[in-house]
Amino acid sequence: MLRRLGTSLVTLFGITLVSFGLGVLVPLRPETANLSQQALSNPEAVAAFRAKFGLDLPIWEQYLRYLGGLFQGDLGISQQTGQPIATDLAKYAPATLELVLWATVLSVLIGVSLGIVAAYARNRWPDHLARVVSLIGVSLPTYWLALIGSTFFFRQLGWLPGSGRLDAASTPPPRVTGFMTIDTLLAGDVTAWTSAVAHLILPATILALSNLGMVLRFTRSAVLDGLNTDAVKAARVKGLPGRRVLIRYAVRSASSPIITVTALSFGFLLAATVYVEQIFAWGGLGQYAYRSATNLDVTAITGISVVIAVIFLAVNFIADLLASAFDPRIRLQ
Amino acid sequence: MTDRSPLAEPPTEPLIEVADAVVSYRVKGKGRFVAVHGVDLEVHPGEIVGIVGESGCGKSSLARALVGINKLSGGSIRFKGEPVTPLPIRRRPARLVPLQMVFQDPYASLNPRRRITQQLEEVWNSAARARGERRTAEERLADITDVLERVGLDPALRTRYPHALSGGQRQRIAIAKALLAKPNVIVADEPISALDASSQKHVGDLLRRLVDDLQIGMVIISHDLAVVATIADRTAVMRAGVFVEQGPTERVWTAPEHPYTRELLGAVPALVGREG
Amino acid sequence: MTRTDVISMIAAPERSRRRVPAWLRTPSVIAAGAVLLAWLAVILIPALTPFDPLATVGPALAPPDATALLGTDALGRDNFSRTLAAARTSIPNGLMIVAAAALIGTAIGLIAGFFGGWIDEILMRVADLVFAFPGIILAMAIAAALGPSVQNAVIAAAISWWPAYARAVRSIVLALRESEFVLSNRLSGVGPLRSIIVDLLPAVSGSVLVLAMLDIGSAILFLAGLSFLGLGAVPPTPEWGSMISGAVQYFDQWWLAVAPGLAIVTVVLAFNIIGDAIRDNIEPRLNENGSGS
Amino acid sequence: MTLLHVDQLTVRRASGAGAPLVDGVSFTVEAGEVVGVVGESGSGKTLTGLALLGLLPDGLVADGSIRFDGRELLTQSKREWERTRGTEIAMVLQDPSSSLHPMLKLGEQLTDHMRQHLGLTKPAAEARAIELMERVHLREPKRLLGQYPHQLSGGMKQRVSIAIALACDPKLLIADEPTTALDANIRTGIIALLNELRRESGMGIIFVTHDLAMLSTIADRLNVFRTGEIVESGDSDRVFRSPQHPYTRVLLDAVPKVPWPLPEEVLS
Amino acid sequence: QDSGGASTEKSGTLVIDQAFTAQSIDPATIFQVTDAITGSGIYQTLFTYIDNVAEPEPLLAESITGNDAATEFTVTLREDATFANGNPVTAADVVFSLNRLKHLAASPAYRMEGITVTEVDERTVQITTENPAPYIEHTLTAPPLAIVDDEAVRAAGGTDAEDAADTDTAGQFFTQPGNGAGSGPYALESYDTNAQIVLVKNEDYWGEAPAYDRIVIRNVNNAQQQKANLEGGDSQIALDIPGRIAEGMESDALQVQSSSSPEVLYLALSQKEGAATADPDVVEAIKTGIDYEALRTLVGAGAKEATGIIPSMMIGALPEGEGPKSDPDAAKKLLADAGKTGTEISLDYANDYTRLAGIDYNILAQGLQTQLEAIGLTVTLNPTPTSTSLQRYVDGETEMALWSWPPDTADASDELVFAPGGLIGERVHWPADAAPETAELAEAARVATGDDREAAFTEWNASMNEEAPFAFLLEPSFFLVASNSVEHVSHDPLAAINLSQID
Ligand SMILES: Nc1ncnc2c1ncn2[C@@H]1O[C@H](COP(=O)(O)OP(=O)(O)OP(=O)(O)O)[C@@H](O)[C@H]1O
Ligand SMILES: Nc1ncnc2c1ncn2[C@@H]1O[C@H](COP(=O)(O)OP(=O)(O)OP(=O)(O)O)[C@@H](O)[C@H]1O
Ligand SMILES: [Mg+2]
Ligand SMILES: [Mg+2]
């Protein structure tokens with residue numbers, strides 16, 4: 001556990017180093033992205049800008065300052081917005097997490113069930129169907145799916161809202177968790193809650209679809225492996241009925257891969273939000289990341305990378321804990 | 001296997017001298033687990049030493065330590081008077097190459113993706129290089145053919161992949177591989193227990209014959225007392241990491257000193273005793 | 001369960017009863033075949049495109065008709081020709097990403113697994129790092145910094161993809177390093193390099209190949225994704241991702257978004273099907289070899 | 001009474017490719033009889049056992065006839081097979097360490113089929129499981145109920161597998177190399193238990209093993225397998241004393257013969 | 001389902017969809033359009049434009065008088081204006097705000113270059129400029145010159161001292177809801193540079209009560225999405241819909257407005273030694289080789305001929321039809337005769353730039369590439385994000401670059417940066433001595449006052465068309481689509497909208 005924590009810290013440290021390194025290697029000056037054209041030709045304005053963000057210091061000193069701040073939870077100031085990055089992230093991360101969480105739940109629920117059915121009905125039509133679904137699923141570009149989905153359900157049919165997290169007309173609920181679907185409930189605002197859910201449906205479903213194929217394949221092959229074990233053979237030798245063998249024995253064997261694929265999905269979906277948030281104007285980490293990257297806001301990129309890595313490591317850690325809870329052989333001390 | 005005199009003391013210098021060898025493993029969260037608790041052993045040219053003992057008593061750990069795969073945590077092992085150093089990441093020192101090992105699993109001891117010839121040539125090349133000899137293709141072919149004949153295999157099998165051979169054939173190839181290094185000592189860890197009944201006997205006989213012909217030393221490890229009894233000159237009985245008894249095979253078989261040896265003998269099924 | 005297991009799970013053996021002649025089932029033959037076919041398609045494309053994909057051939061934004069099968073774009077270029085021609089960007093570069101990632105990853109995995117110790121520790125920490133570093137962000141940053149171009153996108157993708165291979169290879173090597181055939185060779189004085197090349201590399205090549213074939217589709221998607229964000233292919237080069245992103249503003253001209261989208265799906269699907277088939281056919285064979293039949 | 005009558009049992013690949021893996025095997029098992037099966041690796045011993053349970057691996061099919069207690073098994077429905085397995089014919093699989101599910105407690109694995117087949121309540125099934133474990137010489141059976149397979153040694157796992165097979169009082173037990181991982185003493189104990197069961201409840205036993213020496217102490221009859229066929233079959237004493245088929249002779253020859261007799265104190 | 005049909009009923013909330021460029025809502029740092037729009041609701045300037053008329057009208061000021069040399073001005077403030085926190089707007093606030101802008105040295109600080117502001121009495125300030133500034137009212141309309149409450153801002157760590165760049169800490173204060181430092185009809189509720197910005201009615205507004213309870217400005221950067229939102233009644237105003245789409249949207253529920261642009265799209269041809277574009281023949285060929293009309297068609301509805309660097313809305317603009325003429329055949333011949341056919345040129349442009357009237361730079365650049373290749377030039381495109389592209393341009397590293405210039409005010413003096421030796425002139429390595437006549441004309445235009453200004457600028461403009469290494473491509477039109485429930489909305493002359501004027 002301690003070791004794990006240690007390596008995670010090393011990883012995070014490395015991420016800050018790499019991000020910073022990117023900033024150094026890149027032959028660009030942040031002020032061009034963040035100052036007006038007129039100000040750029042004014043050395044004083046440029047100097048003021050560089051001084052404000054510590055860009056005039058030697059790079060190692062900038063880095064040490066950054067690390068010093070990091071230990072106090074200070075991720076620096078965005079060159080782009082002048083806002084503390086921690087504030088920005090606290091605002092955007094919940095939006096993305098809400099989206100990704102729902103998408104993960106959706107894709108894992110559907111993908112795992114289909115995967116189990118496919119494995120059980122191996123080489124019969126449900127399996128073939130699942131194979132087609134999963135192959136197409138892994139072959140669909142998320143952004144294209146999002147475009148098509150948005151065109152169809154929002155523009156053509158008008159069934160679902162196409163941008164943002166809430167109707168512009170409804171007042172956002174006071175921020176507690178940052179999850180619209182929860183905060184609106186906490187505020188007791190049913191209209192806003194309905195709106196929040198309606199806004200979630202399209203992006204979450206599209207994200208889920210883009211991930212479904214992977215989950216399905218993975219589950220199928222894990223359950224098949226489970227079915228191929230001697231333990232399953234032994235269970236059948238005992239005369240247990242097929243369905244019970246499947247659920248109790250084969251799926252049980254597959255539990256740890258299923259947990260892992262859930263964690264993987266989370267990571268995958270986190271990345272896919274870059275596209276989906278862009279199209280649905282979601283206002284989360286994905287959009288923020290894209291903007292920061294194109295504006296060369298190195299401090300923000302570092303902050304985003306750190307936060308995403310933390311989420312990623314945390315999710316994997318939870319996954320491992322869960323897996324070990326399921327599997328007596330790998331229980332952690 | 002009839003022409004050995006169980007009483008003849010080997011007059012030569014020992015090839016292998018083991019003094020108070022200790023092998024231990026690091027176990028996660030539990031410190032070290034000592035698998036071999038300090039054993040002494042000598043192996044002379046032309047001699048087969050059998051080591052028997054139940055599963056998990058430390059036989060393989062000792063065998064691997066003998067050739068340097070496992071590091072010793074205490075005591076010493078000498079080969080031809082010089083210490084056996086652990087197998088390094090780099091190339092193994094040339095002087096240790098004549099100290100060879102044959103593994104239990106005939107499936108695992110051959111690379112499934114290479115033809116038999118390629119694998120034999122590989123070993124021959126490295127061993128010749130270790131001996132500092134000039135390497136010519138003719139010599140190599142001659143040596144390989146010779147060795148294959150020695151282990152009783154049709155040289156035509158050379159071009160096959162391992163999966164196209166039976167278990168017994170594979171184990172013979174594994175032995176041939178060891179022989180190509182022109183060994184002085186072969187440590188064989190359960191060389192026959194994975195084989196089916198008919199191959200077991202053949203490979204056992206083969207090992208005995210090799211020792212007699214080439215005057216090499218051999219350590220054979222087995223959990224089966226009867227197997228060892230039929231080919232070994234001396235037998236050591238191992239239990240929980242120590243030798244409880246060690247002596248000429250006939251003595252151990254006919255006049256066991258340790259209760260554990262007796263227990264093992266008691267479990268030898270009757271059929272073994274029925275002379276056919 | 002670690003990610004390594006996951007990767008080996010993805011590449012887990014899946015028995016197939018289809019009978020394919022043995023020589024056809026060697027990894028290298030299948031891979032070479034698939035890649036060759038892809039190249040062939042790419043080479044043949046210019047012959048198949050009815051128009052120069054870069055030339056204005058008709059009125060802008062014309063709907064599909066007999067000449068312009070999939071309509072024209074805002075510059076009056078033939079959408080069908082462009083969609084076809086885009087394969088020449090996507091496929092070779094997708095292959096390139098995978099090849100680079102697989103090469104780097106395999107080399108690092110072999111070294112880390114074989115030598116172990118601090119070398120392993122350092123290499124794997126780096127792999128962890130890259131793994132945890134959001135790939136798309138890395139790619140965006142690289143592309144934004146070095147300027148968008150297909151080459152930079154390929155570099156960015158390869159940089160963030162190799163750890164998958166390194167881990168898979170390392171885990172196989174870790175298991176094989178202690179295996180008896182490796183040990184017995186090393187006892188005979190076979191050196192470490194030789195051991196890696198002769199015993200370990202062939203053992204991992206099958207898995208690497210399976211992973212790689214399954215990855216080509218994702219690589220093409222990734223590349224198109226970067227282009228979609230304006231960080232990949234540079235106009236006027238036809239590229240599916242940038243064609244889709246260009247089409248965002250022209251949704252009444254549905255053909256502009258639909259054609260490249262379907263093209264991606266088709267090609268990626270094809271590679272995925274090939275990858276699947278290879279996995280089905282290679283893995284059992286490796287298995288037989290590994291355990292005897 | 002003839003418990004099992006196998007007639008011309010053949011196992012081949014569904015695709016039809018290759019020679020049959022089990023080729024026209026016929027034999028019978030009487031109630032209370034131990035039938036030894038020996039033969040080289042890959043000769044079809046395990047496949048024959050699995051065929052008797054209708055559990056051939058995917059892609060393999062059986063034909064011929066398997067009559068058990070007077071009824072034909074090969075034409076049974078899936079449901080009927082599920083009722084046959086475990087209660088009428090039970091099997092101890094070849095590899096005990098992998099045939100226990102690593103993530104389920106032994107208690108569950110020992111009792112789930114009892115509750116399914118015998119309709120026992122959980123406590124009743126557990127009580128029976130404890131009794132069975134005692135019979136296979138497992139110590140502290142109560143504690144074992146709450147443990148997972150990885151906490152047991154190979155020999156213990158093998159004994160648990162035997163206990164599972166015996167749980168529903170099968171009429172026929174197929175034991176596929178059930179004693180390979182066992183210490184000599186425990187092996188003797190298990191052999192004694194099987195002897196007791198066949199005498200008391202008339203259980204028929206098919207005993208698959210490489211260990212000829214051990215078979216000689218328990219088997220009534222012997223079937224010698226080679227490449228999917230039975231090359232010799234007959235009364236065990238007779239086969240051991242005067243083997244007819246050359247292959248049987250090779251097998252018997254391979255049994256190590258120590259030039260010395262065992263010491264007196266050991267034999268007694 | 002939460003979106004009804006297109007509603008014509010005026011709701012309490014106004015939703016505006018725009019492609020965001022938001023960065024900061026501290027007036028002294030505002031230079032992005034989104035922030036300018038937001039600021040127009042919260043803060044007020046001394047002067048303002050009303051609708052799309054490039055004529056400054058007093059807002060917080062009551063009147064202005066100046067000397068003949070146009071270097072000293074006296075501004076009298078309104079009496080009744082108050083900040084949202086109740087404090088009156090005084091001369092001290094004006095001095096503080098403008099000096100803070102100057103000394104903060106942020107992006108828009110250059111607007112105060114050479115300008116000194118002093119308090120005369122509570123309602124009067126004196127403005128002195130180093131150079132003649134006949135356009136001073138235009139300057140005073142700019143969003144960064146908004147007046148903030150000096151007490152509130154000082155209390156939050158703000159300062160107008162010379163070292164403000166280092167010591168001012170009020171930046172965050174402006175993002176806080178209810179900070180009360182502005183005098184506009186709306187106040188900030190939330191500020192999110194990524195997703196949306198929300199304003200609420202300033203209950204204590206000193207003027208006529210604002211029309212809406214809330215204004216939500218959302219970041220929707222896809223025109224199709226903006227269109228759908230409008231049609232679905234999800235939003236009331238969309239700002240970045242290209243004319244091509246906007247034109248077809250006029251309906252019972254929707255109004256479409258277009259306005260001319262303050263920006264001219266141009267190609268900058270570097271005169272740097274070694275650049276292919278440094279060759280006068282090549283410059284000439286490019287300027288005549290471009291088919292301007294075809295480009296306008298490509299960009300779509302409403303794009304107008306760029307008759308020169310000065311857009312048609314400003315003084316000094318040339319009449320329609322007097323812009324650069326295109327003659328591709330002549331250009332081709334010119335190149336061929338000079339043996340320069342096949343010259344390789346790289347074209348830099350920003351591929352994430354969505355602001356300019358929804359023009360897709362990717363398309364435009366490819367159109368240019370095709371045209372120039374037709375006359376015998378080989379053009380490679382080098383699209384990069386704005387930040388990268390701009391840096392290359394600023395550093396003078398581009399060969400041929402596609403840009404537009406957003407003027408700060410609707411006055412032609414803002415275009416003088418293009419003069420030889422000017423800010424933009426330097427970027428293409430075009431010093432004053434490269435075209436001394438044009439440089440002189442520019443200087444003359446800079447200092448001209450009164451009625452002379454128009455003539456001076458016109459002359460400079462015409463000379464630029466002849467001499468400058470720039471090809472002025474077109475003048476786009478800005479389109480604004482709004483729900484009919486919005487009774488009055490229009491672009492201001494700088495193509496933004498003024499929230500406080502919407503009804
Ligand atoms: N790598 C290891 N790490 C920790 N413990 C080990 C390791 N290898 C072996 N052991 C332990 O050391 C002991 C001796 O193992 P060893 O393999 O030498 O036994 P063995 O006598 O060869 O048994 P078998 O007959 O089953 O092969 C066992 O208890 C085993 O669990
Ligand atoms: N699923 C399968 N598909 C095809 N062939 C198989 C399958 N399972 C086993 N076989 C083959 O059937 C033959 C008989 O196998 P079986 O397992 O019955 O042998 P066995 O006599 O039990 O051997 P052992 O003593 O090694 O356990 C072997 O050649 C084996 O390779
Ligand atoms: Mg061992
Ligand atoms: Mg078997």
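Hydrogens, waters and symmetry mates are skipped; everything else that's a heavy atom, side chains included, is used. In what follows, every chain begins at residue 1, and chains take the letters A, B, ... in the order their sequences are listed.
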_Show the nearest heavy-atom pair for residues C:Asn272 and A:Ser139, with the distance to one decimal._
ND2-OG, 3.1 Å

*Against chain A, work out which of C:Leu262, C:Val267, C:Val130 has the most heavy-atom pairs shorter than 4.5 Å and name it.*
C:Leu262

*Would you check, one step at a time, whether the test side-chain contact (heavy atoms from CB on, under 4.5 Å) holds for C:Val265 with A:Trp144?*
CA-CA 10 Å; C:Val265 176; A:Trp144 191 63; 3.9 Å; yes

*Should A:Arg217 and C:Leu214 be marked as a side-chain contact (heavy atoms from CB on, under 4.5 Å) after you check the CA-CA gap, both sets of side-chain angles, and the distance that decides it?*
CA-CA 12 Å; A:Arg217 277 177 160 221; C:Leu214 290 172; 3.8 Å; yes

*Determine the interplanar angle of the A:Tyr143 and C:Phe228 rings, folded into 0 to 90°, and report it as parallel if under 30°, tilted if 30 to 60°, perpendicular if over 60°.*
parallel

*Checking heavy atoms, do the side chain of C:Ile273, its backbone, both or neither come under 4.5 Å from chain A?*
both

*Nearest non-hydrogen partners of C:Leu229 and A:Tyr290, listed with the distance*: O-OH, 3.0 Å

*chain C: which of A:Leu313, A:Leu147, A:Leu140 shares the most heavy-atom pairs with it under 4.5 Å?*
A:Leu147

_C:Leu226, part contacting chain A, at a heavy-atom distance under 4.5 Å_ = backbone

*With a 4.5 angstrom heavy-atom cut-off, could you sort out which part of C:Leu221 is near chain A: side chain, backbone, both or neither?*
both

_Under 4.5 Å from any heavy atom of chain C, what part of A:Ile279 do you find: side chain, backbone, both or neither?_
side chain

_Best-contacting candidate, A:Ser8, A:Gly267, A:Ala293, against chain C by heavy atom pairs under 4.5 angstrom_ = A:Ala293

*Identify which of C:Ser218, C:Gly225, C:Gly217 forms the greatest number of heavy-atom pairs closer than 4.5 Å to chain A.*
C:Gly225

*Which residue out of A:Gly14, A:Gly286, A:Ala272 racks up the most heavy-atom pairs below 4.5 Å with chain C?*
A:Gly14

*Of the options A:Thr11, A:Leu17, A:Leu12, which is the one that meets C:Leu129 in a side-chain contact (heavy atoms from CB on, under 4.5 Å)?*
A:Thr11

